[in-house]
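This report refers to the structure that appears directly beneath it.
Residue indices begin at 1 and follow the sequence shown. Read the numbers this way: they start at 1 and go in the same order the structure lists the ligands and their atoms.
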Amino acid sequence: MTATGLLLDGSWTKRADSALHTVRSPYSGDAIAEIVTASSSDTDAALESAVAGAALWRNTPAHQRTAILLKAASIADERIESLAHTISSEMGKSIREARGEATRAGEIIRLSAFEGSQRYGESLPLDANLGTGFDKIGFTLPQPVGVVVAITPFNYPSLLVLHKVGPALAAGNAVVLKPALAAPLTASALAQCFLDAGLPPGVLSVLNGSGSEIGTQLVADPRVNKVSFTGSTRVGEMITKIAGIKKLSLELGASSPVIVTRHADLEQAAHSIALGGYVNAGQVCIAAQRIIVEESIREDFLAVLIPKVEAITLGDPTHEDTMVGTLINESEAIRVESAIQKAVADGARLLTGGERSGTLITPAIVDGVEGDHEFAQEELFGPAVSITSARDFAHAIELANSTKYGLGSGIFTHDQDESIRAMREIDSGVVHINWTPLWRADLMPYGGMKSSGIGKEGVRTTVHEMTEWKTVIMHSRV
Ligand code: NAD
């Protein structure tokens, strides 16, 4: 097995003394690849090369950057099937879900290329300032931030890497990417698309390794101008403590609520929740986790939901008819199984699922969960939803807002007044009316409130956040 190296200065690098890490299939446990992990001096070398890369890339005209990105997008399109197999085999999601993710790769790069070419500054109406006449001109001048460190989680190894790398490169920055050690192969395959498209050395580096070692080194380094992190709230909080004065974007954890009111279309709600609670084995930051149902329709709603959840096919991710695959590893599966068992021991009822076999867990519905129980309050990141009864609409909103998180939310209602109240009163970065939070267009602003994060992604927004906006004032002599 040839080990995949680190991407340093435009070449895949493996030194004689490089440490290796074996990547295993979460389904079979078989070794599927070996990768080089970065030492502290490799990390230092990546940052040094990124400083040079940032200077070069910033002085490359946007039309040339766009051309390279568009070529990388076409290459990613040609490699959809191989990318999908890499995603599925390293992190256990079903091949059909992995194809959906891989298909978006080229699209995100293309969208980034476009948005990177649209960084308009604005002229300032300085004569509206008391005492200022027409002797000055003011405007904003966009510039790249410089060196961006991108740290990504395992659960969408293509999507979440490209939501950082695409906009960062399009805006003229150099990127040092540190993907999750649990799913590192997709990131290298994507980096190869950029290299094959002609991206100059130093503009993109890929470092594999432990977050607590090279991740902290990257975050703390003063050569870094921006840290763009997606991962758990726990690690996000640690990053805020060590980053120092740098731009920070944090896309963190959640326990997303979905309200089903008596004005809901129960068929639509159940269909959407049977997807939103279980896609990617529930390992989605915007998974539908807390289902808050008005008590008067609870029985009717569950009667529609249960058969849909029981119809989800679970198993070998490589099989075309598997809808949901594994969790990322057995210890995560045991954690999720224990959380379900604890909820039941504390008085909830398991209506279906919750059985574990290795890294697979059958899709579960846990009814009668109190809103303040840890099963609702903490992020589950597994294939189960909790059902909590609400007395009325106001109580449902109160429950929706009762956790420390605020990433996504959904409400099912065909009452306009309820929709309007929900979009105003639910504290989350994205609110879906008549769908669960598990829906995302790559162009839309996307990010959390409260402990779910700082800043927004979504390609246009990310290009903006990866740009410095200088204010320039030109003064006449008189
Ligand atoms: P994680 O926080 O364990 O790891 C994420 C990344 O951070 C990995 O690359 C890891 O190596 C690195 N890391 C770990 N410790 C670090 C440290 N001290 N300094 C710097 N980097 C460090 O998350 P995970 O288990 O890979 O992913 C699951 C989490 O990600 C969930 O909480 C989920 O909600 C969140 N997530 C959020 C979004 C979003 O858009 N808000 C999207 C996907 C996943």
Side-chain angles (χ1 to χ4, degrees), residues 21 26 35 37-38 43 90-93 101 149-164 176-187 206-221 224 227-244 246 248-256 279-289 327-329 331-333 335-336 378-382 403-409 428-430 437-440 442 444-458 461-462:
H21 171 78
I35 56 162
T37 55
T43 307
E90 71 173 336
M91 57 79 56
K93 97 177 25 161
E101 184 177 353
V149 159
I151 302 181
T152 52
F154 72 84
N155 60 331
Y156 281 89
S158 170
L159 196 71
L160 299 174
V161 161
L162 288 176
H163 263 287
K164 300 187 186 308
V176 179
L177 169 65
K178 200 218 81 63
L181 194 54
L185 304 175
T186 307
V206 181
L207 294 178
N208 288 306
S210 134
S212 56
E213 291 166 19
I214 61 169
T216 47
Q217 184 179 344
L218 287 169
V219 168
D221 195 285
V224 175
V227 175
S228 176
F229 172 79
T230 299
S232 59
T233 296
R234 182 185 66 81
V235 174
E237 252 174 335
M238 287 163 61
I239 286 176
T240 61
K241 290 180 185 137
I242 59 169
K246 295 187 177 74
L248 275 189
S249 292
L250 302 176
E251 298 285 338
L252 308 178
S255 169
S256 298
V279 159
N280 205 18
Q283 300 166 116
V284 194
C285 50
I286 44 173
Q289 180 176 327
L327 279 93
I328 188 67
N329 55 44
S331 63
E332 273 296 284
R335 180 189 62 75
V336 171
E378 300 302 326
E379 178 173 51
L380 180 69
F381 229 55
T403 72
K404 66 180 176 186
Y405 298 113
L407 183 58
S409 62
S428 65
V430 183
L438 199 134
W439 193 95
R440 178 177 187 180
D442 296 312
M444 75 190 207
Y446 174 97
M449 297 180 177
K450 305 197 282 185
S451 291
S452 289
I454 299 174
K456 297 257 186 236
E457 289 199 339
T461 328
T462 312

For the atom pair SG (C285) and CG (L160), what is the distance rounded to the nearest 0.5 Å? 7.0 Å
Compare every heavy atom of L327 with every heavy atom of G382, then report the nearest pair and how far apart it is. CA-CD2, 4.3 Å
Quick one: which of M238, E213, H163, K178 has a heavy atom closest to atom 11 (O) of ligand 1? K178
Heavy atom of F229 under 4.0 Å from ligand 1? yes
Does CZ in R335 sit with more than 12 non-hydrogen atoms of other residues, nucleotides or ligands closer than 6.0 Å? yes
Do any nitrogen or oxygen atoms of E379 lie less than 3.5 angstrom from nitrogen or oxygen atoms of ligand 1? yes
Hey, is G448 one of the residues with a heavy atom under 4.0 angstrom from ligand 1? no
Heavy atoms only: give me the nearest V430-S428 pair and the separation to one decimal. O-OG, 3.0 Å
Closest to atom 40 (O) of ligand 1 among protein heavy atoms sits Y446 CE2, 3.3 Å
Heavy-atom contacts under 4.0 Å between L218 and ligand 1: side chain, backbone, both, or neither? neither
Hey, is the main chain of T186 close enough, under 3.5 Å, to the side chain of E90 for a donor-acceptor pair? yes
Protein contact for atom 4 (O) of ligand 1 (heavy atom, distance under 4.0 Å): no
Can you sort out which atoms of ligand 1 are near N155, meaning under 4.0 Å from one of its heavy atoms? 43 (C), 44 (C)
Does a side-chain heavy-atom distance below 4.5 Å link K93 with E101? yes
Please give me the minimum heavy-atom distance between N155 and Q283, naming the atom from each residue. ND2-O, 3.0 Å
Quick check for you: to the nearest 0.5 Å, what is the distance between L181 atom CG and S210 atom OG? 7.5 Å
Do E457 and K164 meet the salt-bridge criterion of a basic N to acidic O distance under 4.0 Å? yes
If I compare all heavy atoms of N280 with all of Y156, which pair ends up nearest, and what's the gap? ND2-CE1, 3.4 Å
Minimal heavy-atom distance between I328 and P26, with the atoms involved, is O-CB, 3.4 Å
With respect to atom 6 (C) of ligand 1, which of V235, T152, L252, L407 exhibits the smallest heavy-atom separation? T152
Which protein heavy atom lies closest to atom 39 (C) of ligand 1, and at what distance to 0.1 Å? C285 SG, 3.2 Å
In ligand 1, which numbered atoms sit nearer than 4.0 Å to a non-hydrogen atom of I151? 6 (C), 7 (O), 9 (O), 12 (C), 20 (C), 21 (N)
Enumerate the atoms of ligand 1 whose separation from the nearest heavy atom of T216 is less than 4.0 angstrom. 17 (C), 18 (N), 19 (N), 20 (C)
State, to 0.1 Å, how close K178 and L218 come at their nearest heavy-atom pair, and which atoms those are. CB-CD1, 4.0 Å
Give me the nearest non-hydrogen protein atom to atom 27 (O) of ligand 1 as residue plus atom name, then the distance to 0.1 Å. P153 CB, 3.2 Å
For G215, the atoms of ligand 1 under 4.0 Å from one of its heavy atoms are 19 (N), 20 (C), 21 (N)
Counting from 1 in the order shown, the ligand 1 atoms closer than 4.0 Å to a non-hydrogen atom of F381 are 28 (C), 31 (C), 33 (C), 34 (O)
Select the closest option to atom 17 (C) of ligand 1 among G231, A220, G211, judged by heavy-atom distance. G211
State if G453 counts as touching ligand 1 under the rule of any non-hydrogen atom under 4.0 Å. no
With the threshold set at under 4.0 angstrom, would you say L160 reaches ligand 1 through any of its heavy atoms? yes
Protein residue, atom and distance nearest to atom 25 (O) of ligand 1, heavy-atom basis: F154 CE2, 3.5 Å
Those atoms of ligand 1 less than 4.0 Å from some heavy atom in S232: 1 (P), 2 (O), 23 (O), 29 (C), 30 (O), 32 (O)
Which of the numbered atoms in ligand 1 are under 4.0 angstrom from any heavy atom belonging to P179? 9 (O)
Say whether N208 and H21, considering side chains only, have a donor N or O and an acceptor N or O under 3.5 Å apart. no
